[in-house]
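Letters A, B, ... mirror the listed sequences (proteins, then strands); counts begin at 1. Basis for what follows: all heavy atoms, side chains included, without hydrogens, waters or symmetry-related copies. As the structure is a computational prediction, the values presented were derived from the model and not from experiment.
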Amino acid sequence: MLDLRQIRNNPEEVQNRLNLRTANTGVYDLAPILKLDQAQLELESTRTSLQSRSNEIGKLIGQKMQQGATPQSPEITELKTEGNQIKAELSELEPQEREIKAQIEDLLLQLPNLPSTSTPIGKSETDNREIRTWGEEYKNTNPKILPHWEIGEKLGILEFAKAVKISQSRFVNLIGIGAALERALINFMLDSQIAAGYLEVMPPILVNSKSLTGTGQLPKFAEESFKCAEDDLWLTPTAEVPLTNLYRDEILSENQLPILHCAYTPCFRREAGSYGKDTRGLIRLHQFNKVELVKIVHPDTSEVEHQKMVKDASAILEALKLPYRVIELCTGDLGFSAAKCYDLEVWLPSMGKYREISSCSNCTDFQARRANIRFKQAGKKGTQYVHTLNGSGLAVGRTMSAILENYQQPDGRIKVPEVLQPYLKKDEIQPNCP
RNA sequence: GGAGAGAUGGCAGAGUGGUCGAUUGCGUCCGACUUGAAAUCGGAUGAAGUGCAAGCUUCCGGGAGUUCGAAUCUCCCUCUCUCCGCCA
């Protein structure tokens, strides 16, 4: 959520920065908010002075009664009459003001974060900026390489058809060594991030509406998540939701910061509107595994912590010797809650291109404001909003697909990345191997 | 699912109609003592809105009501805990 006072005090600047997110202006319009805000302030000042007099009357009556006045005495009845008049006026004003406040809140919840001033300006993903590439020498150059879903089915470790029978398209069964490889990846990723200083959490995977609102998935992107019909619970689309909301409505002390968490969870996405895309393989499933990183930090440190988080995520790719590149998203491609975002993209030989495998966002105070996560500085009055960051470390299924392709040998065997061998207790995967 | 109890400031926990944003303890901060620290002692310390400020207003799970006046009384809802049942 954006700061209403910032909108009020610098409407043009906020509007301009919002416009950087879209090719056409007018998508985000502050005018209705400004208008409602003004009306609310006027109502508030009237209401406040009425309430002030009402409080005064209450105190006066209390005093007079203690001094011996009876409830029937003229001075008391006069005050009571005035009190009742004020009450009548307030009963008109209060609902109006509440309604306006609710409208403002609704509108604010629809607005995305302001892009950071350091985010490159651009309209779409084609304007994203490549920061660096890594691991050119590890790219698989075999011209007859099979896409991961084909080699996976051939090896008997990925199975798609029966997943459709069990649930729907966009689900997969991992079989035998395939399941073991997924587990190995999860464990390796978690162990690495724990060593990097993140505290592991295994959170609830069903989360309530407040949590999804706190991190920005609601109200705007309700159609992206699976909802449980009978309860106010949703299947979490990313562990960012439970991890960040661990601290919702809390006032932390400065010395608790930074807080670093990692978590493995399955993630669930409806993928509404992406029916034609990535229909085969592990790239775009309704359910996928992910190891997530979340940081709750002091605002002064969020940029540094963001850079570190990108390092922590890319360390996994480097340990696995998977070629990747880092791109910085432009203003037009930025996610709803992010002010600045780096994507890690892994090389997928079958597609001949890099595909997103991690997205590391600095959400500045945007989620903190929605989720009401603040901290107190010792000896300082008041509270400040923390900054929140999140990043994948990494998407497990996409990592698996990158391994099945980049480590694919001409005879169809898959070499197991060295760092995974202790986890998998194998150095290669071949057809029907146990 | 049945029965009961509860929800108060960073935490614990008092407060059953009037000056209560709320006793107290812990925590935190400042100071004294000390070579330093601990202990001890003294003082300060909730959040939010608005305003240049003084101030004013709101907030005791959420909503509605009674009243001149509600943390306190009434009703509804949500959540938590305990016991029973059921299941893992």
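Rounded to an integer number of Å, the gap from CG of A:N55 to C1' of B:rG18 is 12 Å. Remark: P of B:rU57 and CG of A:L93 are 16 Å apart, rounded to the nearest angstrom. Atom CD in A:Q377 sits roughly 17 Å away from atom P in B:rG10 (whole-Å rounding). To the nearest angstrom, P of B:rU50 lies 14 Å from CD of A:Q38. For A:I373 and B:rG10, the CD1 to P distance is 15 Å, given to the nearest whole Å. Look at NZ on A:K210: it is 14 Å from C1' on B:rU80, rounded to the nearest Å.
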Listing time: all N or O pairs from protein to nucleotides 67-70 of chain B that are below 3.5 Å?
| unit_1 | atom_1 | unit_2 | atom_2 | d |
| --- | --- | --- | --- | --- |
| B:rG69 | OP2 | A:K87 | NZ | 3.4 |

Carefully, step by step, assess A:I373 and A:T244 under the rule side chain to side chain contact (heavy atoms under 4.5 Å, CB included).
-> CA-CA 9 Å; A:I373 308 173; A:T244 306; 4.1 Å; yes
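Just one residue in the list A:I283, A:V346, A:V396 forms a side-chain contact (heavy atoms from CB on, under 4.5 Å) with A:I357, and that residue is A:V346.
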For RNA chain B, the dot-bracket notation using Watson-Crick and G-U wobble pairs below 3.5 Å, [ ] for pseudoknot-type crossings and | for other-strand pairs, is ((((((((.[[[..)..(.....]]]((((((.......))))))(((((....))))).[[[[[..)....]]]]])))))))....
For nucleotides 43-49 of chain B, just jot down a letter per nucleotide in 5' to 3' order: B, S or -, based on protein non-hydrogen atoms under 4.0 Å.
-> ---SSSS
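Between A:S45 and B:rU50 there is no side-chain polar atom (N or O) within less than 4.0 angstrom of OP1 or OP2.
Heavy-atom neighbours of A:E78 CD from other residues, nucleotides or ligands within 6.0 Å: at or below the threshold of 12.
Side chains of A:N113 and A:T364: a donor-acceptor N/O pair is present below 3.5 angstrom, by distance only.
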